[in-house]
Q: 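Shown below is the structure under consideration.
Nothing here was measured: the structure is a model prediction, and the numbers come from that model.
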Amino acid sequence: MLLLLLAALLIMVLITGLSIGAMTIPPGRILAALVQPLGIDLPWTAEAQEAAVLLQIRAPRVFLGAIAGAALALGGVLMQALFRNPLADPTLIGVSAGAALAAAACTVFAPAIALIIPLSPVWLVPIAAFAGGWFTVMLVLQLAGGYGRMRVEQVLLAGIALNALAGAGIGLLMLIANDAQMRDVAFWSFGNLGRADWHVGIMVILLSLPLFLFGLRFAPWLNALLLGEGEAAMLGIPVERLKRAAILLTCLAIGGTVAFTGLIGFVGLVVPHIIRLITGPDHRTLVPASALLGSIVLPLADVISRTAVAPVELPIGLITALIGAPFFLVLLLGRRNREAI
Amino acid sequence: MIALEQVHVVRSGRTLVHDVTCTPAQGRLTVVLGANGAGKTSLFRLMCGEWEPTSGRVLWEGTPIKNHPRGKLSRKRALVAQHIPVTFPFRAHELALLGRLPHNRYPTREDLEIVDAALAEAEALDFADRRIDTLSGGERQRVHMARALAQLHEARKAGSGILLLDEPTAHLDLAHQQQMLLMARKLAGDGLAVVAVLHDVNLAAAHADDAMLIHRGRLLASGNAAQVLQTGLLSTALNINLQPVPLPDGKRIFMPTSDHTFKPQGVLT
C-alpha cells in the first residue's frame, strides 16, 4: 500500500518536474512530446521548442534527480544498517565529502592525471569519487575501532573530523584552481542537477542499480545485521561478505552520484528515518520505499531550487534540508506523542 | 554434536581459555558457572564460531566446525545473547521471525505458524505486536527465546541441535527465571544440547543435568551437576566461600558464609 502510494507520488512529482520551469508545459503536451518521436498521436501536440526543452534539458534533469535521490536514500539505509546507527548516512560519516574531495582533486589536477592515466574525465571523476568514498569508509571503520568493536560516538567523531578535513581539502583546491575548475569545485560543494544529460543519468543509474538490487535481494540479511554481527552470524549470515559488498556498492552509488550532482546532504539521513517511522525497520519494505521517497524528494527539491527565486537557482542541498527537516520533526513529535499516551 | 578439544585462546597476549576439553551432551541441560572474567563468554564465542582457538580444535559432529557451512550450522545451532541492540526496534513478531532466516529468506505460511507457536511457548504472544524497545528486559528475553525456538524448530523435531543461552535469566523475575529454565529443560528433553551460562548457583543446582565450572580460563570440573556442584569446587570457581544449607525436603541451597573473603581473579598470563 505504502509502495503504491509512493509510486503514485513519484509520478506526480516527475510530471511536476517536467511541467514547471521557465516555460510551463501542461501535462498533456509533456506526454505528447514524449510519445511523438515513437509515432503515436495524441489529442495534444507539443511544439518543437517544448519538445526540445523537455527531452534535452528537463527530462534528463528530472531523471537524474530521481535516480540520485534513490541512490542517496539507499546509501543512508545501507550505512545505517551497517553501522547499526541511525545517524550514519553517507554525508555525516564523510563518505560524500571524501568522494567530493577526490572528484574535485581529479578536476583540478586533471592535466597531470591525464599524463599518468589515459582516461577521459567523464570516467575518471566518478572513479575518483568512488575511490574517495571507499577510502573514507575504511578510514571511519579503522578510527571507530574496526568491525565488531565499532562505537557509535567514534563513528560520528571520525565522520566529523573527516568531513572537516575534506572541507579543508576542497578549500585548498579552490585556492589553486583556475576559474573554470573553481566553478566545478563549487558545484560539488553545494549540489546541483544542472549538469544533467541523458549520458550522466544513465551512468548514475548504472552505478546505483547494483546497490538497489543488493538492498532488495539481501533485505532479510540486513534485518539480521541489526541484531548485531554475532547474532547475524548465528543466523547463518556471511557477515563479512555482506558488509564488504554493502560498503563497495554504497561507495559506487554515492561516488557516482556525488561526481555528477555534487554534495547533497540530508536525503540519506532523513528519508530512511521517515520510512522507518511509518513502517518500522524491516528492510524488505525500507529499501524500496526509501528508494521511492528519495526519488520523490530530490526532483521536488530541484523544482523548488529552479523556481523559488528564478532566474537564480538555489543550491539543492539547501532545499532538501528545508523540506525534510520540518517534516522529520513533525513525524518525530507525532511519535513522541503516541508513545506518551 | 559440538566438542572442544584441548582448546587454548590467547588474545592480546592474555590466555583467556586454557586447555579446555568438553562436549555438551545432547538431551541435557548443561550450565556453565564461573566468576566474572573466568572465561565463560570466551567458551561461548568458541562454540558460536565467533572466535577460532589459538590451539586445539572445535568440532561439529566430529569434524572441524569451520569446515561446516554456516547456513547449515545455523539450522542446528542457536544463540540467545545477553545484550542485543535495539537501535532499530522491530516488533516482537518480526524479531522472532528472524529465527526462520536460516530456513527461508522470505517467510512461508508455515514459518509464520512456527513463529506463532514459538512466541506462545515462550509466553511472548501477548506482546507480539509491540516494538521491542517498549518491552521490559524480561519480555525481550522471552522474544529472543522465541526466535531461538523458531530457529531450532526442525532440529528439535529431529532431536539434534544445540541452544546456547548467555545468562538467560539476567533480566527475569523469579517466576520467569523458573519458567526459562523449565523451558530449557524441556528443550533438552526434546533432544537438544542446551548450554546456559548462569550466575545463580541455586538455580543451576535446581535445574541442571550437567555443569561446567570455569576458573581462570580452565575447566575446573565438569560432569553430572549433582557431583560437580559441590561446596568446595563452587567456592573456588566463584571466588567466594559457600556453605550448603539443607532444606526441609532434603535438597540444599548454597549460601555465602559470613566470613567470606573476596579473592580478586585475573586471567592466566
Side-chain angles (χ1 to χ4, degrees), chain A residues 76-88 146-153 155-156 216-242 272-273 275-277 279-286 290 335-336 338-341, chain B residues 12 41 44-45 47-51 68-107 111 129-134 140 143-144 147-148 150-152 161-166:
Chain A
V77 169
L78 267 287
M79 285 287 135
Q80 286 161 19
L82 199 67
F83 286 88
R84 286 184 295 286
N85 180 351
L87 293 177
Y147 283 137
R149 299 187 300 278
M150 249 180 319
R151 283 163 46 199
V152 172
E153 68 277 12
V155 171
L156 296 179
L216 279 183
R217 173 146 174 74
F218 295 106
W221 287 11
L222 295 171
N223 285 345
L225 205 57
L226 298 186
L227 296 181
E229 289 171 19
E231 289 279 324
M234 289 297 281
L235 288 167
I237 312 297
V239 174
E240 288 305 319
R241 271 196 290 148
L242 183 73
H273 274 285
I275 299 296
R276 264 192 218 100
L277 285 171
T279 69
D282 188 341
H283 285 85
R284 288 172 301 173
T285 312
L286 186 61
S290 294
R335 178 169 152 180
R336 195 193 70 176
R338 275 200 307 278
E339 284 172 0
I341 293 169
Chain B
S12 306
T41 303
F44 256 45
R45 285 183 167 155
M47 289 187 195
C48 290
E50 196 178 328
W51 283 3
H68 291 263
R70 190 179 287 279
K72 200 174 163 191
L73 281 175
S74 64
R75 287 180 218 124
K76 289 187 168 183
R77 182 186 64 177
L79 165 74
V80 177
Q82 197 182 345
H83 300 292
I84 297 172
V86 288
T87 317
F88 298 107
F90 286 104
R91 294 188 187 280
H93 188 272
E94 292 171 329
L95 206 148
L97 199 54
L98 289 177
R100 298 303 298 165
L101 209 49
H103 304 272
N104 295 304
R105 194 178 290 179
Y106 290 92
D111 289 328
D129 287 331
R130 280 178 55 193
R131 276 185 13 211
I132 195 84
D133 60 335
T134 66
R140 285 181 202 180
V143 174
H144 286 297
R147 176 173 55 82
Q151 186 177 346
L152 294 178
I162 182 165
L163 174 62
L164 302 163
L165 303 170
D166 192 2

Q: Can you name the closest pair of heavy atoms from V80(B) and E231(A) and give their distance?
A: C-OE2, 4.2 Å
Q: Less than 3.5 Å apart, which donor and acceptor atoms pair up between the side chains of residues 95-107 of chain B and the rest of the protein, not counting sequence neighbours?
A:
{"from": "R100(B)", "atom 1": "NE", "to": "D111(B)", "atom 2": "OD1", "distance (Å)": "2.8"}
{"from": "R100(B)", "atom 1": "NH1", "to": "A150(B)", "atom 2": "O", "distance (Å)": "2.7"}
{"from": "R100(B)", "atom 1": "NH1", "to": "E154(B)", "atom 2": "OE1", "distance (Å)": "3.0"}
{"from": "R100(B)", "atom 1": "NH2", "to": "D111(B)", "atom 2": "OD1", "distance (Å)": "3.1"}
{"from": "R100(B)", "atom 1": "NH2", "to": "E154(B)", "atom 2": "OE2", "distance (Å)": "2.7"}
{"from": "H103(B)", "atom 1": "NE2", "to": "Q151(B)", "atom 2": "O", "distance (Å)": "2.8"}
{"from": "N104(B)", "atom 1": "ND2", "to": "D111(B)", "atom 2": "OD1", "distance (Å)": "3.3"}
{"from": "N104(B)", "atom 1": "ND2", "to": "D111(B)", "atom 2": "OD2", "distance (Å)": "2.8"}
{"from": "R105(B)", "atom 1": "NH1", "to": "R217(A)", "atom 2": "O", "distance (Å)": "3.3"}
{"from": "Y106(B)", "atom 1": "OH", "to": "L216(A)", "atom 2": "O", "distance (Å)": "3.0"}

Q: What part of A78(B) is in contact with chain A, defined as an atom under 4.5 angstrom from a non-hydrogen atom: side chain, backbone, both or neither?
A: backbone
Q: Rounded to the nearest 0.5 Å, what separates atom CZ in R284(A) from atom CD in E94(B)?
A: 7.5 Å
Q: Just how far is it from atom CG of L286(A) to atom CZ of F88(B), taken to the nearest 0.5 Å?
A: 9.0 Å
Q: Please report the interatomic distance CZ(R241(A)) to CZ(R70(B)), rounded to the nearest 0.5 Å.
A: 9.5 Å
Q: Side chain, backbone, both or neither: which part of R75(B) has a non-hydrogen atom closer than 4.5 Å to chain A?
A: neither
Q: If we define contacts as heavy-atom pairs under 4.5 Å, which of R45(B), E50(B), R77(B) has the most with chain A?
A: R77(B)
Q: For chain B, which of G230(A), A233(A), G280(A) has the most heavy-atom pairs under 4.5 Å?
A: A233(A)
